[in-house]
Amino acid sequence: MNPQPAQSEALRGGEQPVSAGQVLRIHGLSVSYPVYGQEPVKAIRDLDLGVRPGEILGLVGESGSGKTTLARAIMGLLARPGRIDGGAVNFDGRDMRALSEEALRAIRGRDIAMIIPNPRGELDPLLTVGRQIAAVARAHLNITRAKAEELALEMLRAVQIPDPKRRFNAYPHELSGGMAQRVVIAMSLVCSPKFIISDDATSGLDVTVQAQVLDLLRALVRDKRTAMMFITRDIGITAHFCDRVAVIYAGEIVELAPTGRFFENPMHPYSVMLLAAFAHNPKLREKWHKPLASLIRSQGKACEYATRCVHVEPQCNATHPELRELEPGHFVRCFVPVLRPA
Ligand SMILES: Nc1ncnc2c1ncn2[C@@H]1O[C@H](COP(=O)(O)OP(=O)(O)OP(=O)(O)O)[C@@H](O)[C@H]1O
Ligand SMILES: [Mg+2]
């Protein structure tokens with residue numbers, strides 16, 4: 001595999017949430033879901049984020065924080081009744097919001113791929129896995145069936161499926177969960193997309209298989225300089241897999257940093273809480289008894305996290321904090337960040 005220049009670019013520090021050189025650039029994105037008789041749920045609020053070629057950006061947050069909404073908004077596939085209230089999604093120089101459905105469809109699968117969990121549900125039970133991968137290649141690349149099948153076999157090799165020639169002719173039910181996930185990865189990579197979103201895709205696998213699949217995914221992404229957004233509820237997984245970590249809370253990025261810095265010195269009280277496995281602490285859990293969905297209809301005049309924060313101060317209930325750069329490339333949305341003594 002090649003050396004990994006993009007990683008060092010991202011780790012050099014100073015990377016802004018959105019900057020030139022990123023293949024995906026999201027500016028001020030806001031998404032809401034109207035709810036009958038109530039305030040709409042503001043699922044994504046004025047969000048800025050970007051990903052460089054070859055970079056793996058981890059997006060971490062609890063259930064209901066807006067991760068899938070963000071992924072779907074990027075792809076132009078927002079679930080009803082969701083709507084984009086403002087902002088821009090620029091992918092590879094194109095304004096995604098201005099594209100027709102047809103143009104978006106051409107981009108999805110070819111330039112942007114999404115890996116989601118439940119690999120078996122993704123696969124057609126009546127078609128061999130080789131033909132399914134080949135079908136994706138043929139749908140997007142102008143190639144013959146023979147060439148597409150050759151490419152499919154090459155992908156099965158790349159994702160390290162044992163005995164790929166035989167597995168080419170296997171049906172999905174003949175594969176283990178880990179192998180089915182590899183097939184889905186092969187399918188998403190077959191057109192050499194520029195950007196991949198993985199939404200909680202590996203969480204159903206057992207820990208060892210998950211580690212193998214992630215290692216493989218990382219090697220493939222690095223080798224092809226693909227940009228990747230890796231969505232997870234498991235903050236631990238990002239430590240070894242991602243170049244930068246973005247923590248999302250109630251639809252906002254509350255912390256964004258190169259992975260090393262993030263784990264050395266998490267500054268947002270929410271990040272600290274996530275890392276401290278708050279779920280095992282009954283005192284903290286008491287503060288968390290309300291589900292997130294009931295908290296995210298606020299008008300943005302306070303810190304969204306104030307209702308749960310153990311460090312809360314009067315200012316936090318009066319003013320909405322901005323994302324501030326507290327050290328190069330390390331952004332925190334908090335008036336009272338957790339700073340380690342020098
Ligand atoms: N189709 C929908 N209709 C109404 N509200 C929705 C819809 N989809 C999501 N929401 C709301 O938007 C917010 C963000 O949901 P989203 O699914 O993006 O969260 P998530 O971070 O992906 O959660 P999870 O980790 O459980 O997948 C939640 O409050 C959720 O209830
Ligand atoms: Mg989700």
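Counting convention: from 1, in listed order, for ligands and their atoms alike. Only heavy atoms go into these numbers, but all of them, side chains included; no hydrogens, no water, no symmetry mates.
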Quick one: name the protein N/O/S atoms under 2.8 Å from the Mg ion (ligand 2), chain by chain. T68 OG1

Looking only at side-chain N and O atoms, does E15 offer a donor or acceptor that is under 3.5 Å from a partner on Q22? yes

Taking the side chain as C-beta and beyond, is there a heavy-atom pair between Q210 and I237 under 4.5 Å? yes

Check T69 against ligand 1 and report side chain, backbone, both or neither, counting heavy atoms closer than 4.0 Å. both

Full working for side chain to side chain contact (heavy atoms under 4.5 Å, CB included) between R167 and L175: CA-CA 8 Å; R167 292 280 156 47; L175 303 178; 3.6 Å; yes

Please check if any side-chain donor atom of Y270 sits under 3.5 Å from a side-chain acceptor atom of E304, or the reverse. no

For E62, the ligand 1 atoms whose distance to one of its heavy atoms is below 4.0 Å: 21 (O)

Using a strict 4.0 Å cut-off to heavy atoms of R233, name the atoms of ligand 1 that fall inside it. 25 (O)

Non-hydrogen atom of R80 closer than 4.0 Å to ligand 1: yes

Compute the minimum heavy-atom distance from G66 to ligand 1 and say whether it is under 4.0 Å. yes

Any nitrogen or oxygen of A79, main chain or side chain, under 3.5 Å from a nitrogen or oxygen of ligand 1? no

Given the side-chain rings of Y249 and H268, with only the six-membered ring counted for Trp, is the space between their centroids under 6.0 Å? no

Is it true that R261 and E264 make a salt bridge, defined as a side-chain N closer than 4.0 Å to a carboxylate O? yes

With sequence neighbours excluded, tell me which residues meet ring-ring contact (aromatic ring centres under 6.0 Å, His included) with F241. F230

Using side-chain heavy atoms (C-beta onward) and a distance below 4.5 Å, is I112 in contact with M96? yes

Heavy atoms, side chains only, cut-off 4.5 Å: are V332 and R324 in contact? no

What do you reckon, does S65 put a non-hydrogen atom under 4.0 Å from ligand 1? yes

If we count only N and O atoms by modelled type, under 3.5 Å, do the side chains of H320 and E252 hold a donor and an acceptor together? yes

With a 4.0 Å cut-off on heavy atoms, is P81 touching ligand 1? yes

